[in-house]
Amino acid sequence: MPELPEVETSRRGIEPHLLNKTISDITIRQHKLRWPIPKNLPALAEGKKIRQVCRRAKYLYLQLDNGCIIIHLGMSGSLRICTSKTPPEKHDHIDIRVSNGKILRLRDPRKFGCVLWTSAAINEHKLIKPLGPEPLDDKFNADYLHNKANKRQCSIKALIMNSHIVVGVGNIYASESLFKAGINPKRKAGKVSHQRLEKLVASIKVTLSESIKQGGTTLRDFTSEDGQPGYFAQKLQVYGKTGEECSACGQPIKQITQQARSTFYCSQCQK
Ligand SMILES: [Zn+2]
């Protein structure tokens, strides 16, 4: 599943091809994604200039003068830049062509992604409004997290994966960040000290930044002919490493289930 670093990598990959270009036409081959692609999207967006290519949480959006095209990659979506010389394949659901002939193409085999329109401010959109701060934003800091964790009975892992608290900390990044911070994922959120939350916030920021940086090296793939854009193997220390030796202490990594998701951790290093 594309996580925040992949989405940010996608944004950086497509931006240079789209910024300040005018949308010449939109071809929708499949309307039925997670929510239907609005039928009037071409009428609303064609002839309009793309002023910004932005990301909020795992949503990408193209800011036009009269509104935004919001894109979510769902479980299996990917974006690429191509031209009309590349014929669309089975799961290529929408093409957004701009004035220089480049095409932004969404491929989504499982159709859990979406392409939506809003003419209101993006932050007022019902999918965006309830979201917590961006993990790399200064608003996400130890004071903020301490305040949100206060008296909470949920686990610290559940807290950092809650998009109302902070966006973009997916299952992989939660396990990895808690390992870096030395915090047991089962610990109650309200029982983690301010000092340890400070370490956790820093770990989340480092883990995500490193992953984005790593994704940056694959940017050229966005225009490659095979259409397999910039998803990348991360350097993982605990995620998926059940039974392997902890890189810090040598004890075997444990796997448990929390909220129907796998958690990986070292019971020796994480208290
Ligand atoms: Zn360990």
Side-chain angles (χ1 to χ4, degrees), residues 1-9 57-58 75 132-138 140-218 230-271:
M1 187 188 327
E3 295 287 348
L4 186 139
E6 282 90 348
V7 179
E8 176 59 21
T9 301
K58 294 208 287 180
M75 306 283 286
E134 287 288 318
L136 299 178
D137 195 292
D138 291 342
F140 179 61
N141 56 44
D143 288 346
Y144 168 84
L145 194 59
H146 189 248
N147 189 29
K148 292 289 178 188
N150 190 26
K151 298 193 178 116
R152 289 242 189 177
Q153 296 297 308
C154 70
S155 70
I156 186 67
K157 187 189 177 216
L159 186 81
I160 59 172
M161 286 187 68
N162 180 342
S163 65
H164 300 286
I165 306 290
V166 58
V167 300
V169 185
N171 203 33
I172 297 171
Y173 301 107
S175 281
E176 292 294 314
S177 303
L178 286 162
F179 174 76
K180 274 200 187 84
I183 299 170
N184 189 308
K186 292 185 285 187
R187 184 168 285 276
K188 282 193 175 125
K191 299 273 185 199
V192 184
S193 70
H194 188 283
Q195 200 182 0
R196 300 186 81 202
L197 289 176
E198 211 166 297
K199 212 168 169 190
L200 179 57
V201 166
S203 301
I204 290 171
K205 288 178 193 278
V206 166
T207 306
L208 288 167
S209 312
E210 275 177 357
S211 199
I212 292 168
K213 210 165 136 192
Q214 212 180 334
T217 62
T218 64
Y231 301 155
F232 33 92
Q234 290 116 1
K235 277 178 266 166
L236 303 173
Q237 291 182 283
V238 287
Y239 189 86
K241 306 273 184 194
T242 317
E244 290 181 35
E245 283 180 13
C246 166
S247 56
C249 74
Q251 289 294 307
I253 300 295
K254 287 188 175 170
Q255 179 179 356
I256 54 168
T257 301
Q258 290 180 289
Q259 300 168 298
R261 309 291 301 272
S262 292
T263 299
F264 303 88
Y265 73 109
C266 173
S267 57
Q268 182 84 8
C269 295
Q270 294 175 254
K271 300 292 178 193

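Numbering of ligands and ligand atoms starts at 1, following listing order.
Panel note: side chain Lys148, backbone His164; no donor-acceptor pair is recorded below 3.5 Å. Remark: the backbone N or O of Leu178 is paired with a side-chain donor or acceptor of Gln270 at under 3.5 angstrom. Distance alone, capped at 3.5 Å, places no donor-acceptor pair between the Asn150 side chain and the Asn147 backbone.
A side-chain donor-acceptor contact under 3.5 Å links Thr263 and Gln258.
The only member of Leu208, Val201, Val206 that meets side chain to side chain contact (heavy atoms under 4.5 Å, CB included) when paired with Ile204 is Leu208.
Within a 6.0 Å radius of NZ in Lys271, more than 12 heavy atoms belonging to other residues, nucleotides or ligands are found.
Annotation: protein N, O or S atoms under 2.8 Å of the Zn ion (ligand 1) (waters excluded) comprise Cys246 SG, Cys249 SG, Cys266 SG, Cys269 SG.
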